[in-house]
Structure formats: C-alpha cells, structure tokens
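Have a look at the structure below, then the notes.
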Amino acid sequence: MTTEAGPLSAEQTTAVLSAAVRAPSVHNSQPWRFHVTASGIELRADPARRLPIADPDDRELRIACGAALFNLRLALLREGVEPSVTLLPNGPTGALAIVRYAGDAHLSPADAVLYAAITRRRTNRKPFEDQSVDTEARHDLVRAAELGHARLEVMSDPEDRAAMRRMLLAAHAQQLADPAWAAEFAEWVGRSQAARDGVRLASSGPQPEPQDAWVFRDFALGQGAARTPGKDFETEPMIAVLATYVDDAYAQLQAGEALQRVLLTATSLGLAASFLSQLIEVDQAREDLRELLGDAVHPQVVLRIGYGSPVAAAPRRPIEEVLDVD
Ligand SMILES: Cc1cc2nc3c(=O)[nH]c(=O)nc-3n(C[C@H](O)[C@H](O)[C@H](O)COP(=O)(O)O)c2cc1C
C-alpha cells in the first residue's frame, strides 16, 4: 500500500507510480525505484537490476529510467499536479531525477493523448504489415523526438540501410559468441507466464530465421514455435535511430524521455515498435552507426516501427516492490 504524500492521496500515488513502471526497459529489467516524500518523488536507479554485460555503462538503464520519468510527468499532470523536474544523473544516492510537486496543473489535450497510450504501448516483436508508415505519422514521430531534445533519424537511404544490416549482423554475432552475454541474456528471457519481470516466452516473437533481413534476438532461447513457412517479417520496415547531441548520463536520461514520447506518439497513431539494441550495446556498432549518421549525433536507441497485430502486455512488479517511503 502506498501512503498519502504531499498533494497526492494514496490512490493517486499508486496511479502515478503504476503509470511510471509501464515504461519499457531492456529485458524488462525494471531498473528503477521511487522514493516518495511530502514534497515530491525521487527516481533512483536500482543497482541490483543492472545488466553488467549488455549494458556496462548503464546507458540503457538510464534510458529506461528516463522513459519512466516521462510517464511520471504525464501521470502527475493527470492528477492535477505540476511536476518540476531536476535531472541528477550523477546524484550521490543513485538519484537520477527529483520531481517536485509545484502547484496545480492540468493535462493538455495533447498530453491526454499520450497519457492514454501508456497502458496500450508495448514492444511488438511480431512481423508488421507490409505497409509503409505514412509521411504525416513519420513527421509526428520526428517532432516527438525534437520536443524531447533528441533527433529521430529515419533511415531511408538503401545503402545506409544495407550498411546498418551488416553492422547489426556483426554486432549480433559478437554478442552471441560471448558466453557471459549469453548467460546474462538467458537469465532474463524465456520466462513463464508467472514471471513479473524479464521477457516471457509468450512475448518472444517468432523464431528467428536466416532469411530475416533485420536480425532479432531469440527471446525464446530456441524453444519458440517453429515459423509457418512464408511467414516472414515485413520487407521494408521503417527503421529509425533516436539520437542525442551529446552523450553523457544527462543526455541518456533525456533520450529515455524522448524515447517514451516517440513510443507513446507511435501508439496513439496506431503504430507498433520494437528495438534493435545490438547496434547500441556493441561499442563498434554504435561507433559505426554514429559515423553513418554523420558524426553529429550519438545514437541511443534503434527502433523498428510499423503497423502490427495485437500482443499481450508484459508484466510489471507490484508498486510496493519499487517504492521507498520516508
Ligand atoms: C533501452 C531499451 C533497449 C531495448 N532493447 C530491446 C531489444 O534489443 N530487443 C527487444 O526485443 N526489446 C528491447 N527492448 C524492449 C524491452 O524488452 C521491453 O520494454 C520489455 O520487455 C517490457 O515490455 P514492454 O515494452 O512491452 O512493456 C528494449 C527496451 C529499452 C528501454
């Protein structure tokens, strides 16, 4: 049970934190904690939920926490409370951000649309329809990233896409060849329906096949259902790179906020998304991708976006497990 804190009733605190934890996180590791006081909510990293092999510098951890922070902002506005946010990525207590209650507020119509998408958004690892994302929707996604002080590079040049596929293949092979990476991955994926974190078998998507142009990870660890012959992925998915202008802990938190704005915008437009993070996690791939983008920005997240079929929501731990109260 949460308790009353500042302007929020116990029910409101629960509602706000429930929205925050719906954010995506690598392998559904949910690497966050929330310290609730009478004056605000401190967002902290949970060091026990780091991925030391896949994410040794905590880049993806900060991105996930940034995404949770964006949901938290929307949820506070929805409860009529203005959030005043200070990012503190190098805070002494592991604090990543402090969100202070700063008076009354209301949810704008645009934010109401994003708020409504929080529970509908999910990572969709299934094939998407062979239909390209229309120009207006692409524009809205690019604008969403800009509003989050980031850039969304939609990869449309065929040569760049071919180069990216080669980098992805090499990065994927490098991770698979590392026994420590494979052991860490296996700890978090292929989970049963009872799991409250990690990736459930049911969410793993189709078993990867050699003909797949864009390499996905095998979240079912070889135990997934065999693919129906001919049931391939869409031929030309929309691939987009979310990038920032600098690359430090602060920028990575901001990238997480921008990512969530992009994903919620996509959801509100009826679009689905999945990730290709081998390109970010493997240093060489990230550097090559940066060069491909012209060296001016730092890639943080690689997304596949399109029109998908429904998938089940991934689980979350109960709020009590992520809550610290004074
Ligand atoms: C920074 C980041 C990187 C991710 N990378 C991948 C990835 O490479 N492949 C993938 O299938 N999912 C990836 N995910 C998605 C998570 O696995 C997903 O968010 C988590 O399982 C919870 O599911 P949900 O997004 O449906 O709520 C990533 C998420 C984040 C925040």
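The residues of the chain are indexed from 1 along the displayed sequence. Counting convention: from 1, in listed order, for ligands and their atoms alike. A quick note: this is a predicted structure, and the numbers were derived from the prediction, not measured.
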Check Arg316 with Asp197, please: is the shortest side-chain N to carboxylate O separation under 4.0 Å? no
Kindly list each side-chain donor-acceptor pair under 3.5 angstrom involving residues 36-45, sequence neighbours excluded, with atom names and distances?
{"unit_1": "Thr37", "atom_1": "OG1", "unit_2": "Ser39", "atom_2": "N", "d": "3.2"}
{"unit_1": "Thr37", "atom_1": "OG1", "unit_2": "Ser39", "atom_2": "OG", "d": "3.3"}
{"unit_1": "Thr37", "atom_1": "OG1", "unit_2": "Gly40", "atom_2": "N", "d": "3.2"}
{"unit_1": "Thr37", "atom_1": "OG1", "unit_2": "Gly40", "atom_2": "O", "d": "3.3"}
{"unit_1": "Glu42", "atom_1": "OE2", "unit_2": "Arg44", "atom_2": "NE", "d": "2.7"}
{"unit_1": "Glu42", "atom_1": "OE2", "unit_2": "Arg44", "atom_2": "NH2", "d": "3.2"}
{"unit_1": "Arg44", "atom_1": "NH2", "unit_2": "His35", "atom_2": "ND1", "d": "3.0"}

Members sharing Val282's hydrophobic cluster, built from side-chain contacts under 4.5 Å between Ile, Leu, Val, Met, Phe, Trp and Tyr, are none
Of the non-hydrogen atoms in Asp104 and Glu82, which two are nearest, and what is the gap between them? O-CB, 4.1 Å
Please say whether the positively charged group of Arg125, taken as NZ for Lys or CZ for Arg, lies over the ring of Phe216, i.e. under 6.0 angstrom from the six-membered ring centre and within 45 degrees of the axis. no
I'd like a table of donor-acceptor pairs (distance under 3.5 Å, sequence neighbours excluded) in which one partner is a side-chain atom from residues 167-176, with atom names and distances.
{"unit_1": "His172", "atom_1": "ND1", "unit_2": "Gln278", "atom_2": "NE2", "d": "3.1"}
{"unit_1": "Gln175", "atom_1": "OE1", "unit_2": "Arg217", "atom_2": "NH2", "d": "2.9"}
{"unit_1": "Gln175", "atom_1": "NE2", "unit_2": "Glu281", "atom_2": "OE1", "d": "2.8"}

For ligand 1, what are the residues with a heavy-atom contact below 4.0 Å? Pro24, Ser25, Val26, His27, Asn28, Glu60, Ile63, Arg121, Arg122, Thr123, Arg125, Val199, Arg217, Phe219, Phe275, Ser277, Ala314, Arg316
